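A quick write-up on the structure given underneath.
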There are 2 protein chains.
Amino acid sequence: MKLGKGVEWCTHICGMLALVPEGKGLSTDALADFFEVPSAYLAKQMQLMRRAGIVESVRGKGGGYRLALSVDAITLLDIVQAIEGPSPAFRCTEIRQNGPCGLKRKDCKNPCEIASAFAEAEEVYREALRAKTIAVINAEAAANGSPEHFMEVAQWVQKQVS
Amino acid sequence: MKLGKGVEWCTHICGMLALVPEGKGLSTDALADFFEVPSAYLAKQMQLMRRAGIVESVRGKGGGYRLALSVDAITLLDIVQAIEGPSPAFRCTEIRQNGPCGLKRKDCKNPCEIASAFAEAEEVYREALRAKTIAVINAEAAANGSPEHFMEVAQWVQKQVS
DNA sequence: TTTATCCGGATATCAAATATCCGATTTGAG
DNA sequence: CTCAAATCGGATATTTGATATCCGGATAAA
């Protein structure tokens, strides 16, 4: 039961990309430097984000990544699913069909009670993540953090895109 | 984001152990045969269950495992935590402290907004699993399944403990 | 004493996460 | 046109964790 590092990285990155001016972008190297994470591996995560439609890329000199959607259209769930894929955490292998008292295949059209219970739990989990947009996260961060730090970050972004 | 097979196995096993008569137990081999799972590996999972206080073991000939608690005192969350351990799925590595705009350690006494959001989501997930006891699961299974199959399983258990 | 069982540790195997590298392509700038 | 900067996709290590097996010791019933 573990989420990949890419989830943490990309969530922070989305918060930062929100500060990037229209038409500009930040390169993988710039993002990797900002968070001190391995550039080559981050590049792979950003490709997943792009395929999921969360960010868009501009190739060639001066290119980089920027958000493909507005900050209130990107949820934490979107990011998790982009990085981790769609498969549920609980994997039902239908062991009720095994062994001396195994059920017949045809009697197992519906998921078993255990699989259903885990599916429900994962659904409320996803629902909680779906309720948190980048806009919300950034608003909370602005409320809790110092204005000085915010300016510092904003100026760093400015320097990169100029 | 993946739960180990032991979670599925042990949940089904708890449902079965509920049928074991007072004072008796089922051996690891019997459980492994019933569900067609590898015996040696299942033994490891059962040790985790025992250390978590969910089942208790009887050593020596004729021994085995039985529930250590009543069926309405064992939740799916208990089983997940027994097998998977206590660590959360989202691992915050405090990358906000990294890089050119990294925050000072002392300004990071509270978890960041992202870590908090994931912690909340995992809490509702745990809450959902906490609401599902073995008693509930078994009641649902009894309601959905055929009485014939229930008898078949009960008789198999009888044969093992006699 | 023999047999069946759990216990703990050591170890092997396999899959996934993490990480790096390279060649191809695109694009802006000189 | 050429060069440099950047993403893209694929190939490939490396590391970690999940999966799986085995064995020697302890325990208890027959």
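A note on names: the letters A, B, ... follow the listed sequences, proteins ahead of strands, and every chain is numbered from 1. Bear in mind that the values here come from a model prediction, so they are computed numbers and not experimental data.
- Using a cutoff of 4.0 Å between basic side-chain nitrogens and carboxylate oxygens, R96(A) and E8(B) are not scored as salt-bridged.
- Judged by distance alone, the side chains of Q158(B) and Q155(B) never bring a donor and an acceptor atom under 3.5 Å apart.
- Within the structure, a side-chain polar atom (N or O) of R91(A) is placed less than 4.0 Å from OP1 or OP2 of dT19(D).
- Taking CD1 of I134(A) as the reference point, atom OG1 of T11(A) lies at 6.0 Å (rounded to 0.5 Å).
- G64(B) comes within 4.0 angstrom of the backbone, heavy atoms only, and of no base.
- Taking atom CD of Q160(B) as the reference point, atom C1' of dT5(C) lies 14 Å away to the nearest angstrom.
- Take R59(B) and apply the side-chain hydrogen bond (donor to acceptor under 3.5 Å, both in side chains) test, not counting sequence neighbours, and it matches no residue.
- Per the geometry, CE belonging to M1(A) stands 17 Å off P belonging to dG17(D), to the nearest Å.
- As rounded to whole Å, 11 Å separates atom P of dG9(D) from atom CG of L48(A).
- Closest to the side chain of K5(A), from the set dT18(C), dA20(D), dC8(D), is dT18(C).
- With rounding to whole Å, I83(A) atom CD1 is found 18 Å from dA16(C) atom P.
- R51(B) is linked by a side-chain hydrogen bond (donor to acceptor under 3.5 Å, both in side chains) to Q47(B), counting only residues two or more places apart in sequence or in another chain.
- Atom CE in M46(A) sits roughly 16 Å away from atom C1' in dG9(D) (whole-Å rounding).
- For the pair E84(A) and K2(A), the salt-bridge criterion is not met [side-chain N within less than 4.0 Å of a carboxylate O].
- Between dT14(D) and Y41(A), no contact under 4.0 Å exists linking OP1 or OP2 to a side-chain N or O.
- Salt bridge annotation for E140(A)-K132(A): present, with a cationic side-chain nitrogen under 4.0 angstrom from a carboxylate oxygen.
- Below 30°, between 30° and 60°, or above 60°: for Y41(B) and W9(B) the angle between ring planes is above 60°, a perpendicular geometry.
- Using a cutoff of 4.0 Å between basic side-chain nitrogens and carboxylate oxygens, E56(A) and R66(A) are scored as salt-bridged.
- Comparing dC8(D), dA17(C), dG8(C) against the side chain of Q47(B) picks out dG8(C) as the nearest.
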Measure all distances between protein nitrogen or oxygen atoms and nitrogen or oxygen atoms of nucleotides 27-30 of chain C, and list the pairs falling under 3.5 Å.
from	atom 1	to	atom 2	distance (Å)
dT27(C)	O2	K61(A)	N	3.2

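- V58(A) belongs to no hydrophobic cluster, as no Ile, Leu, Val, Met, Phe, Trp or Tyr side chain comes under 4.5 Å of its own.
- Atom CD in E56(B) sits about 14 Å away from atom P in dA28(D), given to the nearest Å.
- Between the side chains of S39(A) and D29(A), at least one donor-acceptor pair of N or O atoms lies under 3.5 Å.
- Proximity of S57(A) to the phosphate of dC8(D): a side-chain N or O atom is located under 4.0 Å from OP1 or OP2.
- L42(A) places its CG atom 14 Å from the P atom of dA6(D), with the value rounded to the nearest Å.
- Against DNA chain C, the stretch residues 12-35 of chain A makes no heavy-atom approach under 4.0 Å.
- The shortest distance between side-chain heavy atoms of H12(B) and C112(A) falls below 4.5 Å.
- Checking Q45(B) against G63(A), the closest nucleotide of DNA chain D that is more toward the 5' end is the one next to G63(A).
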Extract from the structure each pairing of a protein N or O with an N or O of nucleotides 9-15 of chain C at less than 3.5 Å, listing the distance.
from	atom 1	to	atom 2	distance (Å)
dG9(C)	O6	K44(B)	NZ	2.6

